[in-house]
Amino acid sequence: MQENHLMLIPRPALFSFQECIWFLNRNYDDCLHTIRDATVTKAVAFGSNDLLFKVREEGAFLRIEVLSGAPDTALKNQLVDYVTFWFDLERDITPFYQLLETDPKLAYMATDYKGLRLMGIEDLFEVLCWSIIGQQINLTFAYKLKRRLVERYGRKIEYAGEVHFIFPDPEVLAGADLAELRVMQFSLKKAEYIIGMANVFKTGMLSREMIVNEPDFEARQKKLTSFKGIGVWTANYALMKSLRDSAGIPHGDVGLLKALQHHNFIADRKESTKINVLLSRFKGWESYLVFYLWRSLAPK
DNA sequence: CTCCAGGGTAGTC
DNA sequence: GACTACCATGGA
């Protein structure tokens with residue numbers, strides 16, 4: 001591998017690459033990255049350029065190596081930005097850890113999950129499709145559905161005997177056959193929502209830039225929920241993962257409620273007042289708290 | 001067979 | 001604005 005296909009990013013404080021890729025892996029089967037030997041490999045498109053790259057820790061740096069594709073300087077910069085966003089490397093999470101320490105029930109997280117970052121999904125179309133897929137079904141099945149969709153409609157890069165997929169473009173999914181999605185075990189509504197969203201992005205009715213340019217969180221949420229298939233849960237999840245908005249709280253999320261019960265913050269799932277009190281104590285870090293609570297649902 | 005899973009829509013009051 | 005029926009599909 002040539003030297004010009006390597007990039008190094010300084011590892012920030014309170015960052016654990018291992019915790020991050022452990023979360024990416026968990027006990028699920030995500031088709032959009034491969035994790036092995038403390039290295040994550042992923043394919044991604046920058047405009048018309050498909051790249052395959054891998055990331056691992058090397059001393060005080062994250063080491064990015066391009067495996068497929070011939071990136072120029074601009075593209076390499078884009079890749080560095082992409083990884084920086086993905087792992088949320090530019091954020092100083094010290095304030096969040098200080099908040100965790102103030103809560104007896106949560107303080108352990110600062111030790112057990114030390115350095116875990118809120119893993120992002122920058123592409124708004126991808127995160128909306130993913131959250132629509134994940135509505136009201138268990139995650140094991142949701143990852144299955146995502147894999148079927150991606151393997152059928154996404155591009156792929158083959159390297160060293162392995163296939164790496166890129167999430168399908170809206171232009172492709174807009175032309176997807178409803179009946180074919182039904183065969184893949186998408187419910188009728190989900191199939192309609194996915195194809196509908198693809199058309200919305202294809203025709204330029206919605207883009208990440210449009211959401212970023214909205215004045216505030218309320219406006220962003222309102223814009224997103226104006227489309228069929230996107231309720232508050234889906235909109236907030238997307239804003240949390242794609243815009244890293246701390247107010248992007250997936251209210252009513254089953255996993256969140258379960259974790260809150262496990263930690264004895266609530267006795268049953270209707271105690272929204274208690275939940276809001278907890279969240280208000282984590283002002284500015286609500287989405288990080290949600291992410292860490294999700295983390296707590298998986299085994300160590 | 002029943003209940004649950006990282007919800008959403010449309011209708012009613 | 002809050003509450004309710006209904007949708008939909010695999011997994012435990």
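Keep in mind that what you see is a predicted model, and the values were worked out from it rather than measured.
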Is there side-chain contact between [X] and [Y], with at least one heavy-atom pair below 4.5 Å?
X        : Y        : result
A:Phe53  : A:His5   : no
A:Arg208 : A:Phe125 : no
A:Leu32  : A:His164 : no
A:Phe201 : A:Leu128 : yes
A:Lys228 : A:Met197 : no

Cation-pi check, A:Arg244 onto A:Phe85 ring (under 6.0 Å, within 45° of axis): yes

Distance under 6.0 Å and angle within 45° of ring axis: A:Arg26 vs A:Trp294: no

Under 3.5 Å: donor-acceptor pair, side chain of A:Arg117, backbone of A:Arg91: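 Yes, the answer is positive, given that a donor and an acceptor are paired below the 3.5 Å cut-off.
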
Plane angle bin for A:Tyr82 and A:Trp86 - parallel if under 30°, tilted between 30 and 60°, otherwise perpendicular: tilted

Geometric class of the A:His263/A:Phe265 ring pair [parallel <30°, tilted 30-60°, perpendicular >60°]: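 If you compare the ring of A:Phe265 with that of A:His263, the planes turn out parallel.
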
Sugar-phosphate, base or nothing in reach of A:Leu188, heavy atoms under 4.0 Å: sugar-phosphate

Within [range], residues whose heavy atoms come under 4.0 Å of DNA chain C:
range                       : result
residues 123-144 of chain A : A:Gln136, A:Asn138, A:Phe141, A:Lys144
residues 195-206 of chain A : none
residues 173-186 of chain A : A:Arg182, A:Gln185, A:Phe186

A:Arg269 side-chain N/O to B:dC4 phosphate OP1/OP2 under 4.0 Å: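 For B:dC4, OP1/OP2 do not have a side-chain N/O of A:Arg269 under 4.0 Å.
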
Partner of A:Leu173 by side chain to side chain contact (heavy atoms under 4.5 Å, CB included), out of A:Asn199, A:Leu181, A:Ile194: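 Passing option: A:Ile194.
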
Take atom [atom1] of [X] and atom [atom2] of [N], then tell me their distance rounded to the nearest Å.
X        : N     : atom1 : atom2 : result
A:Leu256 : B:dA5 : CG    : C1'   : 15 Å
A:Gln221 : B:dG7 : CD    : C1'   : 14 Å
A:Gln261 : B:dC4 : CD    : C1'   : 13 Å

Distance-only polar pair, side chains of A:Asp92 and A:Thr94, donor-acceptor under 3.5 Å: yes

Donor-acceptor side-chain pairing of A:Glu90 and A:Thr84 below 3.5 angstrom: no

Nucleotides bounding contact with chain A, strand DNA chain C, heavy-atom threshold 4.0 Å: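 Under 4.0 Å from chain A, the extent on DNA chain C is C:dA8 to C:dG11.
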
Between C:dA8 and B:dG11 - P atom distance, rounded Å: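 Each nucleotide's P atom is 15 Å from the other's.
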
Span that lies between the C1' atom of B:dA5 and that of C:dC3, in whole angstrom: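 C:dC3 and B:dA5 have their C1' atoms separated by 22 Å.
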
Under the salt bridge (Lys or Arg N to Asp or Glu O under 4.0 Å) test, residues paired with A:Glu151 that sit two or more places apart: A:Arg147

Restricting to nitrogen or oxygen on both sides, can you table the protein-nucleotides 9-13 of chain B pairs closer than 3.5 Å?
residue: B:dT9; atom: OP1; partner: A:Gly229; partner atom: N; Å: 2.7
residue: B:dA10; atom: OP1; partner: A:Lys228; partner atom: NZ; Å: 3.3
residue: B:dA10; atom: OP2; partner: A:Lys228; partner atom: NZ; Å: 3.0

Proximity of A:Phe282 and A:Trp285 rings by center, below 6.0 Å: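 No, the ring centres sit 6.0 Å or more apart.
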
Ring pair (Phe, Tyr, Trp, His ring centres under 6.0 Å), paired with A:Phe23, selected from A:Phe87, A:Tyr113, A:Tyr28, A:Phe291: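 Result: among A:Phe87, A:Tyr113, A:Tyr28, A:Phe291, A:Phe291 is the only option passing the ring pair (Phe, Tyr, Trp, His ring centres under 6.0 Å) with A:Phe23.
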
